[in-house]
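The structure appears right after this line, and notes come after that.
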Amino acid sequence: MFPTLTSVSTLLLGMGILLCGSGMLGTLLGLSAAQEGLPSWLIGLVMSGFFMGFIIGSFLCPRLIRRVGHIRAFAALAAVSAIAALLHGLIFDPWVWWVLRIFNGISVVGLYMVIESWLNERARQNRGQIFAFYMTVCLVMLGVGQFLVLIYGPGHLASYALVAILFALGLIPIALTPALQPTPIKAQALPLKTLYGRTPVGVIGAVVAGIASGGFWGFGAIYAQQSGIEPLGVAAFVSAVILGGALLQWPIGFFSDHRDRRWVLVFACAGAALAALGIFMTVDQSLLVLLVAALFYGGFAFSLYALAVAHTHDRLDVTQVLEGTQGLLLLNGIGATLGPLLAGIAVSVASISVLPLLFGSIILLLSLFALWRILREPPVAPEEKAGFVPVTRTSAVAAELDPRTELQPELDLEHKP
């Protein structure tokens with residue numbers, strides 16, 4: 001494993017720096033928008049732009065990468081992200097910000113595609129460990145980015161300049177990497193109607209997981225700030241949720257490998273809802289207790305997408321899992337776009353304090369749907385289950401890096417006439 005990690009270290013370093021900037025930018029924009037007094041529904045719209053761009057980029061970026069190559073595409077997309085970051089600081093207009101967030105989402109998903117196709121090309125052995133390590137790097141660096149907001153604070157051009165520097169700095173290891181460019185990207189998804197027919201819980205789970213994560217990325221820092229928490233506490237709160245998502249996926253996944261995954265999904269939903277209630281009850285009390293509740297909320301809520309993907313792998317033929325997973329990624333992106341919009345509307349109608357209850361309730365609806373499906377269809381036989389792998393939303397190319405899909409090319413050859 002270590003020789004393989006060494007061979008892709010420059011890729012992981014560059015992507016880690018970029019994600020540090022991306023995580024910082026999302027929190028910075030939310031806090032800046034709230035500080036300027038934008039209405040909550042408009043903040044939700046602005047923050048949803050990133051996930052809209054994620055969806056658009058999933059279709060546009062493969063063509064760009066095939067046309068100009070991985071390194072040129074990566075350089076161009078990193079430059080777009082840096083320019084967008086600076087323009088956020090130079091121009092305060094919510095509609096301009098919304099457009100910039102869309103462009104930022106397009107560029108970030110393209111950056112993910114370049115890195116993940118490179119990793120997929122290099123990780124011929126130990127794919128499971130490399131995949132898990134990559135996912136951990138993604139979450140950890142997104143969490144580190146939260147604390148960088150404290151250097152200059154929201155509303156200062158210097159903060160946006162720091163984000164631009166991180167995007168430019170992350171480009172250097174990639175541009176200088178000696179690794180050969182990978183094969184062209186091919187991305188397609190299983191028809192969503194077919195996917196729902198095969199795995200209803202996987203489909204709904206991916207959407208709900210997207211709503212929960214998108215709502216958190218859009219309003220998590222704003223919720224903590226407007227609840228009276230000091231800036232360091234705000235960064236710690238957001239980071240605790242992300243850290244929980246990195247830490248608890250493994251034990252939850254291990255448990256799901258030995259049970260009906262739908263029951264584990266129900267358990268994870270209940271845990272996330274209880275943790276959300278804990279956040280609601282402790283946000284103005286003890287910071288330490290709040291951080292513990294945030295850790296468990298992130299652990300359970302961020303595991304929902306990974307459980308939905310694992311359940312989908314259980315239900316699909318091995319020759320369909322790659323396209324099925326890419327379909328789930330699209331649905332998760334749609335849910336992530338809806339999350340900030342729902343949060344913004346809820347805050348406009350009620351108050352910022354209702355957000356944990358809102359997302360806890362949405363997650364509980366997923367548990368009820370899973371219970372209904374448990375009553376309607378039998379579980380997957382143990383010998384037909386695929387192993388759990390911790391995943392988070394990146395790009396469609398990550399599905400090719402997932403070790404559960406590594407046998408697919410050989411099987412495809414066997415089915416050819």
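Residue numbers run from 1 in the order of the sequence given. Since we're looking at a predicted model, the values are computed, not measured.
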Discussion item. Would Leu341 and Leu45 count as a side-chain contact (heavy atoms from CB on, under 4.5 Å) here? Give the steps.
Written reply: CA-CA 6 Å; Leu341 297 175; Leu45 179 63; 4.0 Å; yes

Discussion item. For Phe369 and Tyr196, take the angle between the two ring planes, folded into 0 to 90°, and tell me which bin it lands in: parallel under 30, tilted 30 to 60, perpendicular over 60.
Written reply: tilted

Practice prompt. Indicate the ring-plane relationship of Phe92 and Trp97, choosing parallel, tilted or perpendicular according to the 30° and 60° boundaries.
Written response: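 Plane angle over 60°, so perpendicular.
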
Say you draw a straight line from [atom1] of [X] to [atom2] of [Y]; how long is it, rounded to the nearest 0.5 Å?
| X | Y | atom1 | atom2 | answer |
| --- | --- | --- | --- | --- |
| Phe255 | Arg261 | CZ | CZ | 12.0 Å |
| Thr312 | Leu195 | OG1 | CG | 6.0 Å |
| Phe216 | Ile242 | CZ | CD1 | 5.0 Å |
| Leu142 | Leu19 | CG | CG | 5.0 Å |
| Ile174 | Leu13 | CD1 | CG | 7.5 Å |

Discussion item. Tell me whether Phe296 at atom CZ has more than 12 heavy atoms from other residues, nucleotides or ligands lying less than 6.0 Å away.
Written reply: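 No.
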
Item to complete: With sequence neighbours left out, write down each residue that passes side-chain hydrogen bond (donor to acceptor under 3.5 Å, both in side chains) with Ser286, or none if nothing qualifies.
Response: none

Practice prompt. Answer yes or no: is there a side-chain heavy-atom contact under 4.5 Å between His311 and Arg315?
Written response: yes

Worksheet item: Can you list every side chain to side chain donor-acceptor pair (under 3.5 Å) pair that touches residues 26-37, not counting sequence neighbours?
Response: Thr27-Gln146, Ser32-Tyr160

Worksheet item: How would you list all residue pairs meeting side chain to side chain donor-acceptor pair (under 3.5 Å) that involve residues 209-226, not counting sequence neighbours?
Response: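 The answer is Ser213-Arg393.
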
Item to complete: Say whether Thr337 and Ser48, considering side chains only, have a donor N or O and an acceptor N or O under 3.5 Å apart.
Response: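 There is no such pair between these side chains.
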
Practice prompt. Could you walk me through whether Leu331 and Leu192 pass the side-chain contact (heavy atoms from CB on, under 4.5 Å) test, one step at a time?
Written response: CA-CA 9 Å; Leu331 291 166; Leu192 298 184; 3.9 Å; yes

